Amino acid sequence: MAYETILTEVRGNVGLVTINRPKAYNALNSTVMSELVDALAVFDADDAVGAMVLAGSEKAFAAGADIKEMSGKTAVDMFKGSFVDSWDAIRAIRKPVIAAVSGYALGGGCELAMLCDMIVASESAKFGQPEINLGIIPGAGGTQRLARTVGKFLAMEMVLNNRTLSAAEAANFGLVNRVVPVEGFVDAAVSLAQEIAERAPTAVQIGKEAVNHAFETTLAEGVAVERRLFQLLFSTEDRTEGMNAFVEKRKANWTGK
Ligand code: CAA
């Protein structure tokens with residue numbers, strides 16, 4: 001399918017989605033959001049794809065929700081609109097999605113990166129929640145995911161006083177998995193995604209589901225869900241193959257069954 005605001009390609013077993021609105025620093029308008037949801041869902045349903053990378057440009061992952069599009073909206077428009085649904089749909093993607101972040105990841109851009117499962121940042125990445133400058137607060141999970149990731153106090157400073165984080169600071173506070181040179185930052189994310197795509201597919205997807213429970217439930221509930229998912233994996237052919245391969249000292253041949 002031809003998209004207006006994003007580019008898609010498959011590299012090896014990795015589906016790469018690139019936000020492409022250079023004139024607006026990749027601001028997330030409704031077209032970008034619906035195209036992102038569509039492209040990620042297509043890769044999620046493709047057995048040849050094991051993991052995805054969501055990238056922006058060197059200058060901007062995304063500078064947030066599109067302020068020009070939002071500026072005329074009422075509370076009822078925001079309530080009725082599909083803006084929130086798009087974020088939920090991205091959250092529901094089963095395969096791992098790695099954000100490749102360079103330049104600005106502000107507002108909804110920072111929230112979109114946090115909605116992904118891992119973040120590879122270039123040395124120029126800059127994370128922030130500047131919504132306070134617009135008289136609003138983050139509306140796509142930012143206050144919650146930041147607090148759970150970097151802790152209450154830094155999250156407060158970012159949300160209430162537009163404190164931004166450099167890539168090095170973000171790494172220090174556990175907001176990104178690794179920092180890489182600007183040149184080749186997408187390749188670095190794709191190569192991490194390819195490593196994951198070569199692993200047992202069902203276990204990878206169930207592992208993502210289990211870790212996400214840590215964000216969304218109590219410890220007791222999360223541990224109970226993990227236990228059931230762990231037990232479920234004992235019904236898969238990949239579990240038998242993985243353990244046989246270990247005992248027979250050979251490489252496992254994963255089928256996803
Ligand atoms: N929405 C719409 N357009 C945007 C945009 C955004 N979030 N960010 C940048 N642009 C547009 C600018 O309007 C400008 O367009 P024109 O050339 O047509 O005027 C173009 O991109 C270039 O921007 P600047 O001239 O401002 O470039 P700069 O280099 O001086 O600054 C910047 C870059 C720091 C990213 C600055 O553009 C900026 O602060 N952007 C807004 C960031 C922001 O507030 N994000 C939060 C949005 S609200 C949100 O995300 C809510 C939520 O939780 C979901």
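Computed from a predicted structure; not experimentally measured. Order of appearance sets the numbers: ligands from 1, and atoms from 1 within every ligand. Just so you know, these numbers use all the heavy atoms, side chains as well, and skip hydrogens, waters and symmetry mates. Heads up: numbering here begins at 1 and tracks the sequence.
Interatomic distance, CZ of R250 versus CG of N253, reported as 7.5 Å (0.5 Å rounding). For the atom pair CD of E216 and CD of E209, the computed distance is 10.0 Å after rounding to the nearest 0.5 Å. Rounded to the nearest 0.5 angstrom, T143 OG1 and K152 NZ are separated by 13.0 Å. Rounded to the nearest 0.5 angstrom, Y25 OH and K59 NZ are separated by 5.5 Å. Note that CG of L106 and CZ of F61 are 11.5 Å apart. Values are rounded to the nearest 0.5 Å.
We find that R94 and D44 are not joined by a salt bridge, their nearest charged nitrogen and carboxylate oxygen being 4.0 Å or further apart. Salt bridge status for K126 with E169: absent, with no side-chain N to carboxylate O gap under 4.0 Å. Using a 4.0 Å cut-off between charged nitrogen and carboxylate oxygen, R11 and D187 count as a salt-bridge pair. K257 has no carboxylate O lying under 4.0 Å from a charged side-chain N of E237, or vice versa, which leaves the two without a salt bridge.
Closer than 4.0 Å to atom 30 (O) of ligand 1 lies none of the heavy atoms of the protein. Of the protein's heavy atoms, none falls inside 4.0 Å of atom 38 (C) of ligand 1. For atom 23 (O) of ligand 1, a protein heavy-atom neighbour is present inside the 4.0 Å cut-off. Within 4.0 Å of atom 26 (O) of ligand 1, not a single protein heavy atom is present. Less than 4.0 angstrom separates atom 16 (P) of ligand 1 from at least one non-hydrogen atom of the protein.
For W87, no nitrogen or oxygen atom sits less than 3.5 Å from a nitrogen or oxygen atom of ligand 1, counting backbone and side chain alike. Looking at ligand 1, you'll find an N or O of G108 within less than 3.5 Å of one of its N or O atoms. The distance criterion of under 3.5 Å between nitrogen or oxygen atoms is met by E111 with respect to ligand 1. Not one N or O of I137 is nearer than 3.5 Å to an N or O of ligand 1, by distance alone. At under 3.5 Å, a nitrogen or oxygen of I67, whether backbone or side chain, sits near a nitrogen or oxygen of ligand 1. Backbone and side-chain nitrogen or oxygen atoms of A65 are examined, and one is located within less than 3.5 angstrom of a nitrogen or oxygen of ligand 1.
Residue contacts with ligand 1, taken as heavy atom pairs separated by less than 4.0 Å, involve M70 solely via side-chain atoms from C-beta onward.
Of the candidates A27, G64, A63, G142, A63 brings a heavy atom nearest to atom 42 (C) of ligand 1.
Within the structure, the closest approach of K23 to ligand 1 falls below 4.0 Å when heavy atoms are considered. Residue contact check for ligand 1: L134 places a non-hydrogen atom closer than 4.0 Å to it. Put simply, part of G139 is less than 4.0 Å from ligand 1, judged by heavy atoms.
The residue from V97, I196, V176 that alone fulfils the side chain to side chain contact (heavy atoms under 4.5 Å, CB included) condition with M118 is I196.
Side chains of T236 and T202: no donor on one and acceptor on the other come within 3.5 Å. Under 3.5 Å, the side chains of E58 and S102 contain no donor-acceptor pair of N or O atoms. Judged purely by distance below 3.5 Å, without hydrogens or angles, the side chains of S30 and E69 pair a donor atom with an acceptor atom.
In this structure, atom 11 (C) of ligand 1 lies nearest to the protein heavy atom A24 CA, 3.9 Å. What sits closest to atom 33 (C) of ligand 1 on the protein, heavy atoms only, is Y25 CE1, 3.5 Å.
Near G107, the atoms of ligand 1 lying under 4.0 angstrom from a non-hydrogen atom of the residue are 46 (C), 50 (O). In the vicinity of P138, heavy-atom distances shorter than 4.0 Å reach the ligand 1 atoms 53 (O). Taking every non-hydrogen atom of K68 and a distance limit under 4.0 Å, the qualifying atoms of ligand 1 come out as 13 (O), 15 (O), 16 (P), 18 (O), 19 (O).
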